[in-house]
Visitor: 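Quick one: the structure is below, questions incoming.
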Amino acid sequence: MSMQISTTLSERPVDDQKLAEILANPGFGNHFSDHMFTVEWTPDNGWHDARIEPYGPLQLDPATAVLHYAQEIFEGMKAYRHEDGSIWSFRPEENAARMVRSSHRLALPELDVEDFVQAVDSIVTVDRRWVPDPAGEKSLYVRPFMFASEKFLGVRPSQHVTFMVICSPAGAYFKGGVKPVTLWLTEEFTRAGRGGMGAAKTGGNYASSLIAQREATAEGCDQVVFLDAQEGRFVEELGGMNMYFVYADGHIVTPETGTILEGITRASIIELAGKMGHQVEERKFSIDEWREGVASGEITEIFACGTAAVVTPDGALKWRGGSVETSEPESRVALDIRQALVDVQYGRSDDTFGWMHRIV
Ligand SMILES: Cc1ncc(COP(=O)(O)O)c(C=O)c1O
């Protein structure tokens with residue numbers, strides 16, 4: 001069932017000159033488009049009052065449940081402008097399905113896949129002038145999120161829930177070409193345990209990753225690597241990206257799902273790499289295999305993937321008392337996969353998997 005969405009346009013949208021300045025150098029998460037989408041849920045009325053309004057602050061009671069118990073989930077996706085001016089999203093129904101899974105874990109109400117996609121399409125359509133030109137891999141980052149908006153301090157699932165979508169233009173993740181990043185292995189902190197929230201896209205997972213990310217930065221590294229909570233032996237993922245290991249014989253390994261966030265880029269690479277002739281294994285992958293594989297030359301490339309950076313080659317892994325460098329600095333497989341994905345997203349190659357969804 002599709003939502004009835006009321007629209008109130010902003011009387012003070014950003015003027016064309018200011019917008020051109022923003023889109024010339026958007027950075028990430030700094031600027032927000034003129035409008036936002038909101039729909040509310042209560043047990044009696046279900047999802048109701050869907051609307052697009054001028055972007056602006058929310059007024060929240062200090063007792064609003066999310067501020068205390070973090071009952072919150074979100075998604076991250078992008079809208080891409082193609083050379084002909086049309087605007088597209090990449091597998092939006094996968095983000096919608098992941099949000100449904102996250103909502104189950106966080107005891108939040110389910111928003112239909114169709115309604116999620118309609119919400120994203122409608123806000124991007126209203127704010128389409130905020131989608132940058134494709135040059136330099138710019139895009140409009142789209143952030144759907146759902147939170148416990150009931151004013152109540154008891155610990156139970158909220159009886160009032162708000163779902164919103166906001167949009168923020170995003171520049172190229174790598175300025176001046178793709179560069180390998182360095183990784184810090186945290187041996188003290190874990191991200192997710194069995195039965196925990198690791199597979200859900202919920203703010204708490206990111207809050208708990210910050211201390212480890214701070215440690216990584218202090219050690220001169222770009223990103224943090226988390227191991228499994230039970231044995232501290234198996235590679236899970238980075239703070240905000242999934243991981244891939246490329247072997248000299250061409251086969252590729254990625255950690256299996258369960259306690260990691262099931263990335264849409266990760267899933268797409270499984271299909272794409274298969275088509276490019278790589279055998280892909282999803283399995284437990286230990287930190288010893290990483291160290292030994294790199295040392296012996298069996299592992300030739302390591303890369304991370306996610307919506308923000310698409311594919312990031314990883315140059316070195318550091319831990320307290322040691323480090324290993326990946327042997328092949330060119331990261332040929334990673335860069336080929338990256339190019340193939342980006343070409344589909346920006347409409348420069350055939351969308352043979354049917355991944356792209358036209359918004360406008
Ligand atoms: C913890 C974590 N893992 C993996 C990913 C990659 O997911 P996706 O490819 O859907 O962006 C993200 C990005 O959102 C993430 O936050």
Side-chain angles (χ1 to χ4, degrees), residues 28-29 72-80 89-102 105-106 113 116-117 120 137 139-146 165-166 168 170 173 181 183-184 186 189-193 196-213 216 222-229 234-245 254-273 280 282 285 302-312 314 334 337-338 340-342 344-345 353 355-357:
F28 180 80
E72 183 269 354
I73 56 177
F74 66 98
E75 272 302 323
M77 52 200 291
K78 286 175 171 174
Y80 307 88
S89 55
F90 179 73
R91 310 188 77 182
E93 66 294 338
E94 295 297 323
N95 292 93
R98 186 167 67 187
M99 189 166 235
V100 168
R101 296 196 297 274
S102 298
R105 181 62 186 85
L106 272 289
V113 168
F116 176 104
V117 175
V120 170
E137 280 184 24
S139 60
L140 185 67
Y141 184 79
V142 179
R143 168 53 61 86
F145 59 107
M146 189 191 290
V165 187
I166 57 175
S168 174
Y173 190 88
V181 297
L183 304 178
W184 172 253
T186 176
F189 302 108
T190 58
R191 185 182 169 278
M197 305 198 297
K201 201 160 171 63
T202 179
N205 287 339
Y206 298 82
S208 83
S209 76
L210 297 178
I211 187 169
Q213 180 59 44
D222 301 298
Q223 289 275 338
V224 63
V225 180
F226 288 101
L227 299 177
D228 76 286
F234 298 104
V235 177
E236 300 242 294
E237 59 179 321
L238 306 186
M241 282 187 256
N242 297 119
M243 297 214 64
Y244 271 95
F245 300 85
T254 190
E256 65 187 9
T257 56
T259 49
I260 62 168
L261 189 81
E262 292 180 37
I264 291 149
T265 319
R266 174 189 178 280
S268 306
I269 289 174
I270 290 174
E271 292 188 54
L272 198 59
V280 184
E282 292 181 79
F285 183 84
I302 299 168
F303 64 89
C305 65
T307 297
V310 192
V311 165
T312 314
D314 298 324
I337 288 174
R338 183 175 204 284
L341 259 182
V342 167
V344 171
Q345 289 168 336
F353 291 102
W355 283 338
M356 299 308 290
H357 166 83

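Remember, predicted model here, so these are calculated numbers, not experimental data. First listed ligand is number 1; within each ligand, the first listed atom is number 1.
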Visitor: Within the distance-only criterion (no hydrogens, no angle test), does the side chain of N205 pair as donor or acceptor with the backbone N or O of M197 below 3.5 angstrom?
Guide: yes
Visitor: Just need the protein heavy atom nearest to atom 16 (O) of ligand 1, so name the residue and atom and give the distance.
Guide: Y206 OH, 2.5 Å
Visitor: How close does the nearest protein non-hydrogen atom get to atom 11 (O) of ligand 1, and which residue and atom is it?
Guide: T307 OG1, 2.6 Å
Visitor: Do any heavy atoms of G239 fall under 4.0 Å from ligand 1?
Guide: yes
Visitor: Short list, please: which atoms of ligand 1 are under 4.0 Å from a heavy atom of M241?
Guide: 2 (C), 3 (N), 4 (C), 5 (C)
Visitor: Measure the distances from the heavy atoms of E262 to every atom of ligand 1 and state whether one is below 4.0 angstrom.
Guide: no
Visitor: What is the closest protein heavy atom to atom 2 (C) of ligand 1, and at what distance does it sit?
Guide: E237 OE1, 3.3 Å
Visitor: Which is closest to atom 4 (C) of ligand 1 by heavy-atom distance: N242, I269, T265?
Guide: N242
Visitor: I want to know if ligand 1 touches C305 in the polar sense, i.e. an N/O pair below 3.5 angstrom.
Guide: no
Visitor: What are the atoms of ligand 1, with element, lying closer than 4.0 Å to any heavy atom of L261?
Guide: 2 (C), 3 (N), 4 (C), 5 (C), 12 (C), 15 (C)
Visitor: If you measure every N/O of R191 against every N/O of ligand 1, is any gap under 3.5 Å?
Guide: no
Visitor: Judging by distance only, is a nitrogen or oxygen of R266 under 3.5 angstrom from one on ligand 1?
Guide: no
Visitor: Short question: side chain of T202, backbone of E72 - any donor-acceptor pair under 3.5 Å?
Guide: yes
Visitor: Is the backbone N or O of G263 less than 3.5 Å from a side-chain atom of N242, with the two atoms forming a donor-acceptor pair by type?
Guide: yes
Visitor: Hey, is R191 close enough to E237 for a salt bridge, meaning N to O under 4.0 Å?
Guide: yes
Visitor: Return the closest protein heavy atom for atom 14 (O) of ligand 1 as residue, atom name and distance.
Guide: K201 NZ, 2.6 Å
Visitor: How far is atom 7 (O) of ligand 1 from its nearest protein heavy atom, and which residue and atom is that?
Guide: G263 CA, 3.3 Å
Visitor: Indicate yes or no: does R101 engage E75 in a salt bridge with an N to O separation below 4.0 Å.
Guide: no
Visitor: So which protein heavy atom does atom 5 (C) of ligand 1 come closest to, and at what separation?
Guide: G240 O, 3.5 Å
Visitor: At less than 4.0 angstrom from any non-hydrogen atom of R98, what atoms of ligand 1 do you find?
Guide: 7 (O), 8 (P), 10 (O)
Visitor: Would you call the rings of Y141 and F28 parallel, tilted or perpendicular, where under 30° means parallel and over 60° means perpendicular?
Guide: perpendicular
Visitor: Number the atoms of ligand 1 from 1 as they appear, then name those within less than 4.0 Å of a heavy atom of G306, with their elements.
Guide: 6 (C), 9 (O), 11 (O)
Visitor: Do the two ring centres, one from F285 and one from F245, sit under 6.0 Å apart?
Guide: yes
Visitor: Is there a donor in the side chain of R91 and an acceptor in the side chain of S268, or the other way round, less than 3.5 Å apart?
Guide: yes
Visitor: Could you go through Y206 and F74, starting from their C-alpha distance and side-chain angles, then the distance that decides it, and tell me whether this counts as ring-ring contact (aromatic ring centres under 6.0 Å, His included)?
Guide: CA-CA 11 Å; Y206 298 82; F74 66 98; 5.2 Å; yes
Visitor: Between T257 and E282, do the side chains contain an N or O donor and an N or O acceptor separated by less than 3.5 Å?
Guide: no
